[in-house]
Amino acid sequence: MTRAQTARQVKAGIYEVGAMDRDRRLFDELIPLPDGTSYNAYLVQGSERTALLDTVDPPKIDLLFEHLEQLGVKDIDYVISHHAEQDHSGGIPALLERYPGAKVVTNAKGRAMLMDLLDLEEGVFVTVADGEKLGLGDKTLQFMELPWVHWPETMASYLTEDRILFSCDFFGAHLASSTLFAGEGRAVYEAAQRYYAEIMMPFRGQITKNLEKIKDLPIEIIAPSHGPIYDNPRFILEAYRDWVSDKVKNEVVLAYVSMHGSTKKMAEYLAEALIKRRITVKQFNLAELDLGKLAMGIVDAATLVMGVPTVLTGAHPRAAYAALVVNALRPKTKFVALIGSYGWAGKMVEELTGLFTRLKVELLEPVLARGYPREADFAALDRLADAVLAKHQEIGIAR
Ligand code: FEO
């Protein structure tokens with residue numbers, strides 16, 4: 001089934017009525033969107049009442065209205081707000097103007113946030129608790145609180161008769177795909193992994209609990225609020241179980257920036273030394289950083305090595321920026337090492353490691369070269385490669 005900018009039927013009485021945003025290239029003015037994104041909203045028409053599950057980012061609200069018109073929707077009884085972030089909730093005020101009889105259904109935390117963020121009156125809300133059901137006639141929505149995917153108030157709806165989990169951000173992918181259903185393609189897997197890495201990874205522990213909470217639910221379809229719909233839920237559930245598990249891979253993410261080639265030489269030498277020791281190396285030049293690629297790299301790499309030249313007396317700001325991002329994403333990385341060239345003196349190591357306040361990592365011996373690296377520096381890099389291998393062997397991921 002292709003997915004143009006038109007309402008699309010998911011199943012009888014259930015439509016995707018949201019909007020694609022093919023041209024958007026940045027989310028939160030931070031996260032790259034190489035493949036655009038979509039803000040999925042779902043219309044569920046029961047025999048007695050109609051619910052709209054989430055809205056769209058405000059600039060796309062006219063598309064949502066157009067889709068509702070295409071389907072001849074005259075009344076909406078409920079707008080279910082799974083998540084207060086504005087890419088899903090931002091269209092609610094305009095929707096309430098157009099459908100003044102609609103009530104906003106959310107949990108207590110969601111209600112408070114929507115009142116703060118959208119200046120909504122308390123009287124427009126129907127507040128629901130975890131596990132509560134909402135009957136639409138021949139269709140029933142059951143609400144499940146799934147906190148921290150992606151904010152503390154987030155919840156999902158389970159449509160019991162059709163066995164569809166409307167999961168909002170959870171299991172989403174920033175992908176403006178022309179295909180409504182995901183299938184099991186590599187492109188969808190990578191977009192979902194990028195989304196997990198950029199948005200979900202800091203909440204790994206909470207996601208594990210949420211996966212446990214939905215594990216016995218008979219789910220035929222997972223319908224997230226970004227990207228394609230999973231008609232084979234096992235595909236995305238297994239991927240998530242793998243990403244959130246404590247398992248790390250025999251991999252090093254080697255992220256470096258170099259001003260005059262010295263730190264680059266060190267990074268390249270170390271990469272070869274690691275590869276000789278049968279360790280997979282994912283190398284990133286921070287001068288052209290795609291945050292998403294770096295985030296994907298650290299989803300399950302055992303070790304992060306940063307190549308950081310000293311600028312004046314401290315860490316190169318591009319490396320510091322990457323370190324701040326890594327710290328915020330809280331990957332399950334176990335070991336960190338710093339390498340880099342300096343001109344006279346400095347506090348690069350103290351500065352960089354001081355940024356890793358939220359990581360539970362063991363710091364390996366740094367390798368610092370004065371100017372261009374020489375024989376003694378290469379020997380130190382060989383020792384670092386040995387140390388990485390030994391650590392990977394200790395935790396049973398390398399031979
Ligand atoms: Fe897609 Fe957290 O909003």
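Positions are given from 1 along the sequence.
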State yes or no: are the ring centers of Tyr189 and Trp243 separated by less than 6.0 Å? yes
For the pair [X] and [Y], find out whether any cationic side-chain nitrogen is under 4.0 Å from an anionic carboxylate oxygen.
{"X": "Glu268", "Y": "Lys264", "result": "yes"}
{"X": "Asp382", "Y": "Lys276", "result": "no"}
{"X": "Asp386", "Y": "Arg277", "result": "yes"}

Single hit among Gln70, His67, Gln45 for side chain to side chain contact (heavy atoms under 4.5 Å, CB included) with Tyr15: Gln45
Between Tyr372 and Asp377, do the side chains contain a donor N or O and an acceptor N or O under 3.5 Å apart? no
Give a yes-or-no answer on whether the side chains of Ser157 and His82 include a donor-acceptor pair shorter than 3.5 Å. yes
Give a yes or no answer on whether the side chain of Arg204 reaches the backbone of Ser245 with a donor-acceptor pair at less than 3.5 Å. yes
More than 12 heavy atoms of other groups within 6.0 Å of Arg278 CZ: no
In terms of heavy-atom contacts, does NZ of Lys265 have more than 12 from other residues, nucleotides or ligands at under 6.0 Å? no
Check the hydrophobic clustering (I, L, V, M, F, W, Y; side-chain heavy atoms under 4.5 Å; chains of links allowed) and say if Leu324 and Leu352 are grouped together. no
Between CD of Glu69 and CG of Leu64, what distance do you get to the nearest 0.5 Å? 10.5 Å
Classify the angle between the aromatic ring planes of Tyr42 and Phe166 as parallel (below 30°), tilted (30 to 60°) or perpendicular (above 60°). tilted
Close side-chain approach of Met306 to Leu286, heavy-atom, < 4.5 Å: yes
